[in-house]
Each structure stands twice: as structure tokens, then as C-alpha cells.
A.B. asks: 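One structure follows; several queries about it will come next.
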Amino acid sequence: MRIIPITLPTPFYIGPVNVYLIAEDPVTLIDTGPKTKEAAAALREGLRNAGFLTADIRRIVLTHAHEDHCGLAKSLRDEAKNAEVLVHDWETGHRIGRLEHEEHRALLVRAGVSDNEIAGMRRIYEHVRLYGDSFAEGEYRALTDNEELQFASGSLKVVHTPGHTPGSCSFVREADRTVIAGDCVLKRITPNPVLSPDPIDPAKRFHSLAEYLVSLARLRTFAPTLVHGGHGDSVNDYDELFNRYVRAIQQRQNQVIGLLPKSGASAWEISRALFPETDDVHRFLAVSEAVAHLDLAHSEGKIEMELSGAKEIYRRPGVD
Ligand SMILES: [Zn+2]
Ligand SMILES: [Zn+2]
């Protein structure tokens, strides 16, 4: 099975994104890059270098529905005469009418984010979503965990690896233990556990970091020899990365607990103490990071949480 990485420019802080061409029947593209002229041109060139045209694509599979990964999916699908699009049902970023504003807003209010800040985050998000087209129901099919995507010379197993987003998926070629992991595994940085509503009960918060740790451990059971991530170089030593990630998460948790003042603090206050320099979109990612670590510490019984009005306040036990 020929897995050909194609790296595309993005207008985002993260830098270029990797998409993967599976160069055999049915010709499949895993992720697409953002909807920009530059990414579309680079993708066309990458396909051409591999001996393919956009029209040859029969299947578009998305690791997750962030604009840097899914933005071109709809236009490619149309150009490739209705290639099949597959994405996990717990993703929402690609859907038309994903009116989750109220749910997201409620999560941010609970995290202690002010109305002003929420309005600023929304403006940025409205800009980011211009880098992707949305699908109507029926224009894509849901990926299911453990499903085998069949190819002429073998298959790729779909492994649901929630964490970065609720519906993030990885694709495992068991024959040689190669994994395509999207933003679940990035060589140089630990992926952000993005603040999301729980897909089963949107009034609740998705426990992104706890889920993420399970996903990392699950990928480990495949004893990967090569992991292709959504950004940056591939990973040859998954065990080293796994241990490094777990250590980094542990250290960040200790830092977050250490930052909690006697009087307690909201996730927003902790995010400002963690990342005082951040502005615009990074404030949302910073509060996501704080919430994820506070949630995990709380579920492990290391800190206490109580509601103060609509806001959650975290405290170290025994400190009052
Ligand atoms: Zn992402
Ligand atoms: Zn990404």
C-alpha cells in the first residue's frame, strides 16, 4: 500500500498540514487541507507528482473536522464527481447548520470567560470557518470504530481516537503497523484538547484529556512502527512520544494545581496565569488547555470544584 504524504500551506499559526494519498484503488485522500488557493494548488501538484488528478479521487476520509484538515473536502468531492466522504459522527465542524453556539457559550461561561472575551473568540471563529465548506446531511458517511477501509492490496482499520476533538480518528495498517493519526500524534507539540460539548449530552463538557490518554494508550496496543501526524514529521518511536506526552501532561497538571490560589480560581483565570501573553485565537486554546487539565485533576480527586453562580471555581482540598 503506497501512502504518499503531501504537505500543504495553511494560513494558521500551526503552519503546514500533512494530507495522505493512498495511491491505489479506490484512490483515497486522508484529509484535504484548508480552503485556500495556495493549498488547492499545492494539493494538485502533489497529486500530479504522484501520477494522479483530482478527478481520480474516489474517497475522502477525514481525521477530524478542523478547517486545516477538512476545508477543501467539499470542493474536491464535487470536482471528483461525488467521491465518498467519510468522517466520524462526533465531528461537527464540517456540518451545515452546526448551531452549537449556545452550547459552546455555556461551556465558556462555566469556565469563567467574560461576555466580551466570548464575543472576541466568536469573531475569530467566524473568520476561521471561512477556510472550510460545510456538508449537508447525506453528503458524507459516518466512520465507525474498528471499521476496515478496503483497498486493492489490503485495508486500513479505523480507530476512534477522541481527545483533540471528540470524533478524531486514526487509521492503522496492521500489516506493517503504520498509523495515520491526524492531530492525535504530533511530533513536536502535544495537541490541544479543544473545549467541546459532549457529543452524547451537549449540555456537558467532553472530557477531552481523559479520553485523549485512553486514545494514546489504545494506539500503543498496535505497537506502531511509523506514525504520520497532521503536522510536522512522522514519528518512528511511538513509545518515546507516548512517554513524553504522558510526562508533559503530568507536569502541566502539577503546574495547573500549583497555580490555584487559596480563594480558588476559574479555568479562565488559570489560563491567563498559564499563558499571560496569549491573544486572540490562542486565548480560546489556552482556556481549553486549562479546562482539560482541571477536569482531569478533578476527576482524579486532586482538586475540588464548586459552582459560583454560572461559573466553576476550582480549589485545592484543604486550602481555604
Ligand atoms: Zn485539529
Ligand atoms: Zn491540525
Side-chain angles (χ1 to χ4, degrees), residues 5-20 29-36 38-40 42-43 46 60-73 76 85-95 98 100 104 121 124-125 127-135 140 143 158-171 179-197 199 206 208-209 211-213 215-216 219 227-235 241 245 249 280-289 291-292:
I6 303 175
T7 301
L8 309 175
T10 80
F12 304 117
Y13 180 79
I14 184 89
V17 65
N18 303 323
V19 307
Y20 296 91
L29 192 62
I30 299 189
D31 287 347
T32 66
K35 196 181 79 171
T36 65
E38 294 78 9
L43 177 60
I60 297 163
V61 182
L62 301 173
T63 59
H64 65 301
H66 280 160
E67 282 76 2
D68 50 339
H69 298 261
C70 75
L72 282 169
L76 285 175
V85 177
L86 295 106
V87 55
H88 194 277
D89 224 19
W90 283 6
E91 289 299 279
T92 52
H94 59 292
R95 287 188 198 165
R98 46 175 168 160
E100 298 169 310
H104 263 116
M121 289 173 184
I124 291 158
Y125 178 67
H127 176 72
V128 168
R129 66 178 294 190
L130 298 176
Y131 293 104
D133 279 325
S134 300
F135 288 93
Y140 56 91
L143 283 170
V158 177
V159 181
H160 181 207
T161 43
H164 173 59
T165 63
S168 282
C169 283
S170 299
F171 305 94
V179 182
I180 297 171
D183 284 356
C184 181
V185 175
L186 302 175
K187 188 163 184 173
R188 306 228 170 269
I189 48 170
T190 45
N192 188 275
V194 178
L195 180 62
S196 313
F206 184 64
S208 54
L209 200 50
E211 293 281 351
Y212 184 56
L213 286 165
S215 295
L216 286 176
L219 282 184
V227 185
H228 297 298
H231 306 274
D233 293 339
S234 300
V235 171
L241 177 131
Y245 271 16
I249 290 168
D280 55 71
V281 68
H282 301 110
R283 291 198 177 192
F284 172 70
L285 297 177
V287 78
S288 289
E289 176 99 0
V291 168

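These numbers come from the heavy atoms of this one structure, side chains and all, not from hydrogens, waters or symmetry mates. Each ligand, and each atom within it, is numbered from 1 in the order the structure gives.
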A.B. asks: Of all N, O or S atoms in His231, identify the one at the shortest distance from the Zn ion (ligand 2).
C.D. replies: NE2
A.B. asks: Kindly write out the residues that satisfy side-chain contact (heavy atoms from CB on, under 4.5 Å) with Ile14, not counting sequence neighbours, or none if the list is empty.
C.D. replies: Thr10, Phe12, Asp68, Ile189, His231
A.B. asks: Among residues at least two apart in sequence or on other chains, which ones pass side-chain contact (heavy atoms from CB on, under 4.5 Å) with Pro5?
C.D. replies: Tyr20
A.B. asks: For His64, which of Pro162, Cys70, Ser168, Cys184 qualifies under side chain to side chain contact (heavy atoms under 4.5 Å, CB included)?
C.D. replies: Ser168
A.B. asks: Any luck finding a side-chain donor-acceptor pair between His164 and Asn192 under 3.5 Å?
C.D. replies: no
A.B. asks: Please list, chain by chain and in numerical order, all residues satisfying side-chain contact (heavy atoms from CB on, under 4.5 Å) with Pro16, sequence neighbours excluded.
C.D. replies: Thr7
A.B. asks: I'd like to know if the side chain of His69 pairs up with that of Asp183 as donor and acceptor (distance under 3.5 Å, no hydrogens or angles considered).
C.D. replies: yes
A.B. asks: Within less than 2.8 Å, report the number of protein N/O/S atoms around the Zn ion (ligand 1).
C.D. replies: 4
